[in-house]
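One-based numbering, in listed order, for ligands and for the atoms of each.
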Amino acid sequence: MAESCRIHETDLLVIGGGPGGYTAAFKAAGYGIHTTIVDSDSVLGGVCLNRGCIPSKTLLAMAEMIEMSTHARSMGIEFEKPTIHLDQVNAWKDKVITKLNRGLAAMAKRLKVDVICGTATFADSHHVTVTGGEIEKIKFKRVIIAAGSRPVKLKGIQIDSPRVVDSTGALKLERIPESVLVIGGGYIGLELGSVTAGLGSEVTVVEMLDSLIPGCDDDLAKPLTKRLDKMFSQICVETCVTGMKEVDGGVEVSFEGNKIPKRTVFDQVMVAVGRRPNSDQLNLEAIGAEVNDKGFIKVDSCMMTNVPNVYAIGDIVGNPMLAHKAMGEGKVVAQVLAVKKVEFKPACIPAVVFTDPEVAWAGLTETEAAAAGIPVNVQKMQWVASGRAAAVGRTDGLTKVICEPGTGRVLGVGIVGLHAGEMISESCLAIEMGATAADIANTIHPHPTISELISEVADMMMPGGAPVH
Ligand code: FAD
C-alpha cells in the first residue's frame with residue numbers, strides 16, 4: 001500500500017487491478033513510468049482472480065476429480081462415493097486465490113507500483129476522488145481505466161433472497177443446494193452448473209436462445225450438450241424466466257417458452273445472464289469520455305479514449321469480455337505510453353468453455369463464415385480415431401480446421417474434448433503467424449497425443465490427404 005497521505009501524485013494512474021489493469025501497470029512500470037493502481041478491492045487480481053476465472057477453475061478441477069473417480073469404474077477401478085468437506089474445499093479455493101494475490105502484491109512491490117485501496121471517480125481529467133481508503137485524491141498525468149464489469153441483473157424481476165445468487169455468490173459455495181436453476185446457458189452458467197452438478201445438486205439450465213454457448217459452432221457444442229444432458233436434470237433452450245418469488249423451502253420460478261422445466265421450485269437460483277461495464281460508476285461526465293449505447297468506453301486501436309490523456313482497456317471497452325483480451329490490451333497500452341507505435345490488432349482472441357468436455361475455438365467460426373458469405377474449406381475429425389483419446393476413455397471430441405480456399409491459410413480452429421482449452425494455443429499461433437494447413441500438416445506432432453489430431457486434419461486438406469488412422 002502507498003504511504004499514508006491524503007493526496008497522492010503519480011505519472012500514470014490505473015483504475016482497477018484486474019488482469020487488464022495489473023498487466024498494464026506492471027509493463028508501464030517496467031518501462032520506467034511511475035505507476036499507481038487504485039482498486040476498490042483490498043487485494044489485486046480483479047474479478048478474474050477473486051471472483052471469476054480462478055475460483056471457478058479451482059472448483060471445476062474438484063468437480064472434474066469427482067467425475068474422474070466415477071469414470072474410473074469403466075477402467076476397472078472403483079472408488080467409494082466421495083465425502084465432500086465444504087469448509088475444506090472453500091479453504092483450498094481461498095488458499096489458491098491468496099497465493100496468487102500475494103504473487104501480484106510482490107510483483108507490484110518489486111516494480112515499485114503503488115497500490116491504493118479505494119473507489120475512484122473522476123473529478124477532472126487529471127484528478128480522481130477516492131473513497132473508502134486512506135487516500136482522498138489522486139493527481140495523475142495519464143490514466144488507464146481498467147475498471148471491468150459486473151453481473152447483469154434479470155430484467156423486470158425484483159427479488160431479494162439469499163437463495164438467488166449471481167456468479168460471485170455462487171462461487172462462495174456456502175452450501176450444496178439440493179436443486180439449482182441456472183439462468184443463462186453461456187460459459188459462466190455452464191461452468192457454475194457443472195460445479196454444483198458435480199457436487200451432487202440437481203441442476204436445471206434455462207437459456208433464452210435456441211442453443212447453449214452462443215457464438216459456438218453447433219458441431220462443437222454438440223458433444224458438450226450430450227454430456228451435460230446426462231449431468232444436468234434438464235436443459236431448456238428458447239425458454240425465459242418471467243417471475244420469481246420466495247416460497248417455503250425455495251424459490252418458485254415461472255417460465256415462458258419452448259420447454260418449461262418440470263421443476264418450478266428451486267433450492268437455489270444462479271443468475272448468469274451476462275455482464276455490464278462499470279463505466280456508469282466512474283463519473284466519466286467529468287472528463288467527457290465517450291461510451292457507446294451499451295456503456296462500453298470508446299477507444300481507438302491504441303486504447304486511447306476521445307480524451308487524449310485517458311486510455312481504457314479490458315471488459316470496460318467491450319467484447320469479448322475475457323481476461324486474456326484485457327491482458328493483451330494492457331500490454332499494448334503500456335507500450336503506447338512508453339511511446340512505442342503499436343496497436344491492439346490480434347488476428348484472433350481464443351474462447352474457451354471450461355466444462356467437461358472443454359470447448360475452445362479461435363479465429364473464424366463456420367457460423368460466422370456462413371453468415372458473412374465467406375467461402376471456406378472445412379475439415380474435421382472425430383476423436384474416435386485417436387489412440388490417446390481411446391486410452392484415456394474420452395473419445396467424445398472433435399477437432400476442426402477452417403482454411404481459406406486457394407491459399408490454405410488457417411482462418412479458424414475449433415476443438416471440443418478433454419483439455420481443448422490447452423490445445424487451442426497452437427492454433428492461435430498458427431492464425432497469428434498466417435500459417436497454412438500445410439504448415440500444420442508438416443509440423444511433426446508428438447504421438448500418441450490428442451494434439452496431433454490437428455496435423456492430421458490439416459493433412460486431410462492437402463491434395464491426396466487422407467486420415468492416418
Ligand atoms: P476486472 O477483472 O473486472 O477488474 C476490475 C477491477 O476494477 C476490480 O478489481 C474492481 O474492484 C475495480 N474497480 C471497479 N471500479 C472501480 C473504481 N471506481 N475504483 C477503483 N477500482 C474499481 N475470463 C477468461 O478469460 N477466462 C475464464 O475462464 C473466465 N472465467 C470467468 C468466470 C466467471 C465466474 C466470471 C464472472 C468471469 C470470468 N472471466 C473469464 C471473465 C474475466 O474475469 C474478465 O474478462 C476479466 O476479469 C476482465 O478484466 P479487467 O481487467 O477488464 O477487469
[atom]: which of [options] has the nearest heavy atom?
{"atom": "atom 4 (O) of ligand 1", "options": "G18, A351, G21", "result": "G18"}
{"atom": "atom 49 (O) of ligand 1", "options": "P19, C117, G314", "result": "P19"}
{"atom": "atom 8 (C) of ligand 1", "options": "L59, D39, V14", "result": "D39"}
{"atom": "atom 16 (C) of ligand 1", "options": "S40, G20, S167, G46", "result": "S40"}

Hey, which atoms in ligand 1 end up nearer than 4.0 Å to a heavy atom of [X]?
{"X": "L282", "result": "18 (N)"}
{"X": "A120", "result": "17 (C), 18 (N), 19 (N), 20 (C)"}
{"X": "V38", "result": "20 (C), 21 (N)"}
{"X": "F354", "result": "28 (O)"}
{"X": "L322", "result": "23 (N), 24 (C), 25 (O), 45 (O)"}
{"X": "S56", "result": "32 (C)"}
{"X": "R51", "result": "11 (O), 36 (C)"}
{"X": "S149", "result": "3 (O)"}

If you measure every N/O of D315 against every N/O of ligand 1, is any gap under 3.5 Å?
->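 Yes; the residue has a nitrogen or oxygen that sits under 3.5 Å from a nitrogen or oxygen of the ligand.
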Return a yes/no value for V47: is any of its N or O atoms, backbone included, closer than 3.5 angstrom to an N or O of ligand 1?
->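 Yes; the residue has a nitrogen or oxygen that sits under 3.5 Å from a nitrogen or oxygen of the ligand.
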Parallel, tilted or perpendicular: which fits the ring planes of F140 and H126, with parallel below 30° and perpendicular above 60°?
->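 The rings of F140 and H126 sit tilted, inter-plane angle from 30° to 60°.
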Heavy-atom contact under 4.0 Å between [X] and ligand 1?
{"X": "R275", "result": "yes"}
{"X": "M327", "result": "no"}
{"X": "G118", "result": "yes"}

Would you check, one step at a time, whether the test side-chain hydrogen bond (donor to acceptor under 3.5 Å, both in side chains) holds for E202 with S179?
-> CA-CA 5 Å; E202 183 203 298; S179 59; 5.8 Å; no
Students should be able to answer this: which protein heavy-atom is nearest to [atom], and at what distance?
{"atom": "atom 33 (C) of ligand 1", "result": "G52 CA, 3.4 Å"}
{"atom": "atom 26 (N) of ligand 1", "result": "C53 SG, 3.9 Å"}
{"atom": "atom 30 (N) of ligand 1", "result": "K57 NZ, 3.2 Å"}
{"atom": "atom 53 (O) of ligand 1", "result": "G148 CA, 3.4 Å"}
{"atom": "atom 5 (C) of ligand 1", "result": "A146 O, 3.4 Å"}
{"atom": "atom 38 (C) of ligand 1", "result": "Y187 OH, 3.3 Å"}
{"atom": "atom 7 (O) of ligand 1", "result": "G16 CA, 3.3 Å"}
{"atom": "atom 15 (N) of ligand 1", "result": "A147 CB, 3.5 Å"}

Under the side chain to side chain contact (heavy atoms under 4.5 Å, CB included) criterion, do D280 and R150 qualify, and how do the steps go?
-> CA-CA 11 Å; D280 55 331; R150 61 182 185 275; 2.8 Å; yes
Given E452 and R388, is the salt bridge (charged side-chain N to carboxylate O under 4.0 Å, His left out) satisfied, shown in steps?
-> CA-CA 10 Å; E452 72 185 317; R388 186 68 198 277; over 6 Å; no
Taking the basic N atoms (NZ, or NE/NH1/NH2) and the acidic carboxylate oxygens, is any pair closer than 4.0 Å for [X] and [Y]?
{"X": "K400", "Y": "E366", "result": "yes"}
{"X": "D315", "Y": "R276", "result": "no"}
{"X": "K141", "Y": "E9", "result": "no"}
{"X": "R163", "Y": "E174", "result": "no"}
{"X": "K222", "Y": "D229", "result": "no"}
{"X": "K226", "Y": "D396", "result": "no"}

For [Y], does its backbone N or O pair with a side-chain atom of [X] as donor and acceptor, under 3.5 Å?
{"X": "E358", "Y": "G421", "value": "yes"}
{"X": "S149", "Y": "N278", "value": "no"}
{"X": "K325", "Y": "G314", "value": "yes"}
{"X": "T10", "Y": "L13", "value": "no"}
{"X": "K93", "Y": "L171", "value": "yes"}

May I ask you to identify, for [X], whether its side chain, its backbone, both or neither come under 4.0 Å of ligand 1 on a heavy-atom basis?
{"X": "N50", "answer": "neither"}
{"X": "I188", "answer": "side chain"}
{"X": "V352", "answer": "neither"}

Derivation of the side-chain hydrogen bond (donor to acceptor under 3.5 Å, both in side chains) call for N306 and D300 = CA-CA 8 Å; N306 60 309; D300 64 14; over 6 Å; no
